Amino acid sequence: MDINPSIFHLVTRFCYGYKIDLSADNIVSVLCIAYYLDMSDDHSSNNLLNKAVTFLEQRVLMSCNETVKALRICSDKILDKLADVGLIEVFLDSLVEKALNDTRLLQDLITLPLRLYEPLILELSKHNVSIEKFVASVCNYAKRWVFEKDDGSVSRNKREVIEAVEKLLPHERGIISCGFLFKSLKESIFLDACSDCRKGFEVRISNQLDMARAKDLLILSPTEDGSYDIELLKTILKSFYSNYSVSDLSRFVSVARMLEEFLLEAAASDADLRVGTFKELAEIAVAASCDVLSYSDGIYRAIDAFLERHRDLIESEKMEACRFLECKKLSPEACEHASKNEKLPLRIVMQVLFVSQMQIRDKVAREMKGVVEEKTQDQVHEDDEVESMSKKLLKLEIEPDYSKKRKIDNLECVVYCEKKKTSVWREVKRKFGCMTSSTMDACNCHFKKRKKTYHLYK
């Protein structure tokens, strides 16, 4: 058993009767050496093993911070010794009890080595700990032991940690941030983690790719040689589209827009981005937006940014960069901008001008059609009103009216009118007063005049 010189000196002082100071920093090592040397009360009363156990119970295990501090500095060999004597379970049981009483203590546990943290967090997952706090603890553990460590000599330990983290994380959608998943996937590739580990992160990403942002996707690229892992991106996209149906259109729209933003960010920020790589990324973005987005303005903005960043490209290279630009899907605003864009190849500008003319023609045609439809609708409305009135008028019974009286030559008389079959419009006009001799011919209301008969009242 390897003994730290300072611990050996402390035990030697105890053997010579000197007072020793026990603390959370040295208690585990003192316990191990006392057990190894069999310094129990069987040989001497109040021996070192008894004093160490008493201190552990009364001073260390009573406090979560002290317990974590005692375990944090343990080497693998000391932990092996603790496991042999059954003390690992004692420490873990104490920490589980305290963390369940106060879940804020979960963040203190991330300082423990993986050998202790993994069984501890697994035990906590069996109890009533919220999944959000559980995930936060695991993610913080990965940040501390994988993302924030720059020491190349611990790559093996980092690989073990990232593989353990993948196993601990749940698969529920939206529980883990997309940024963390992308970063974990990149680290698993860099550390050459097992295929199951990589696949686990890929699956989680594809399940919630519509929730990702362009900057999350940028974490995966560029790789060490400056290129982009196109195949990995295709694998994630293929998995995403296989998970959902056409009813999930909003998710497809989100992914299409995210890929356009990703293409724009890559074009604007990466001066070393090659034409071939940009074209491959553009092809992926166009494929995702096909039949999903109405306009391809996002692709155009990315091309514009790429040409701005690569002013030295020849005409043929510019055409390659514009290969997947669908001019017919540009909005009028984008067409106006592109028609004046000197960075674009002349052939593309001509296509844009043609599309602009077509858009103007279609707009005029739509406006003319709208005017005609509006007039037609007004005419239909008018006809509907006339038809409605006609039906009402036809329902009126035109009978001789014996109740009405007129004064003629200061005599009251009753005028009998003979019922006559007339057309609807003639009845309408008659109802509205087309009865005088001066208007009879003009309104074509042909009424047969009959001799007036006067009845004098006595």
Side-chain angles (χ1 to χ4, degrees), residues 1-102 104-124 137-138 140-141 144-145 149 151 153-154 156-158 160-161 164 168:
M1 178 179 180
D2 295 333
I3 302 177
N4 186 289
S6 62
I7 301 299
F8 181 79
H9 179 70
L10 186 145
V11 173
T12 302
R13 286 177 55 85
F14 177 81
C15 293
Y16 281 95
Y18 291 101
K19 182 180 179 181
I20 60 173
D21 294 325
L22 296 176
S23 66
D25 295 327
N26 60 31
I27 186 61
V28 175
S29 297
V30 170
L31 271 171
C32 290
I33 194 172
Y35 182 83
Y36 181 76
L37 296 176
D38 196 20
M39 300 177 68
S40 64
D41 287 0
D42 293 338
H43 300 283
S44 175
S45 62
N46 202 22
N47 210 341
L48 183 58
L49 183 59
N50 183 48
K51 293 180 71 70
V53 170
T54 301
F55 182 85
L56 175 68
E57 293 176 344
Q58 297 181 354
R59 301 288 298 276
V60 178
L61 295 180
M62 297 297 293
S63 168
C64 181
N65 290 335
E66 292 295 299
T67 305
V68 170
K69 181 190 271 189
L71 294 173
R72 190 166 48 206
I73 60 176
C74 292
S75 64
D76 288 338
K77 290 184 178 181
I78 293 179
L79 291 176
D80 290 338
K81 196 65 179 177
L82 285 177
D84 292 339
V85 300
L87 284 177
I88 290 291
E89 289 77 10
V90 174
F91 280 103
L92 295 183
D93 289 345
S94 174
L95 290 174
V96 167
E97 181 183 0
K98 291 175 175 58
L100 290 176
N101 291 331
D102 187 358
R104 293 175 299 177
L105 298 176
L106 284 171
Q107 302 313 311
D108 296 333
L109 306 181
I110 65 174
T111 59
L112 294 174
L114 181 62
R115 181 173 175 177
L116 297 174
Y117 179 80
E118 187 174 12
L120 179 61
I121 202 70
L122 283 173
E123 183 63 29
L124 286 170
S137 178
V138 176
N140 287 331
Y141 192 83
R144 178 183 179 89
W145 292 92
K149 278 189 174 290
D151 188 0
S153 62
V154 295
R156 184 180 66 85
N157 293 334
K158 293 173 73 173
E160 292 176 353
V161 171
L168 290 171

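All heavy atoms count here, side chains included; hydrogens, waters and symmetry mates do not. Because the structure is a prediction, the values reported are computed rather than measured.
Rounded to the nearest 0.5 Å, atoms CG (Leu71) and CG (Leu87) are 10.0 Å apart. For the atom pair CG of Leu31 and CE of Met39, the computed distance is 11.5 Å after rounding to the nearest 0.5 Å. For the atom pair NE2 of His43 and CG of Leu48, the computed distance is 12.5 Å after rounding to the nearest 0.5 Å. The CG atom of Leu116 sits 12.5 Å away from atom CD1 of Ile121, with the distance rounded to the nearest 0.5 Å. From Ser29, atom OG reaches atom CG of Leu22 across 11.5 Å, with rounding to the nearest 0.5 Å. Here CG of Asn140 is found 11.5 Å from CG of Leu109. Values are rounded to the nearest 0.5 Å.
In summary, Arg13 and Asp21 do not engage in a salt bridge, as defined by a charged side-chain N under 4.0 Å from a carboxylate O.
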Fill in: Derivation and outcome, side-chain contact (heavy atoms from CB on, under 4.5 Å), residues Leu61 and Glu97
CA-CA 11 Å; Leu61 295 180; Glu97 181 183 0; over 6 Å; no

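Atom OH of Tyr117 sits in a crowded spot, with more than 12 heavy atoms from other residues, nucleotides or ligands closer than 6.0 Å. Atom CZ of Arg72 sits in a crowded spot, with more than 12 heavy atoms from other residues, nucleotides or ligands closer than 6.0 Å.
With a 4.5 Å cut-off on side-chain heavy atoms, Ser94 and Lys98 count as touching.
Checked by atom type and distance alone, the side chain of Trp145 never pairs as donor or acceptor with a backbone atom of Pro113 at under 3.5 Å.
Between Glu123 and Val96 the shortest heavy-atom distance is CG-CG2, 3.9 Å.
Between the side chains of Ser6 and Asn4, a donor-acceptor pair is found at a separation under 3.5 Å.
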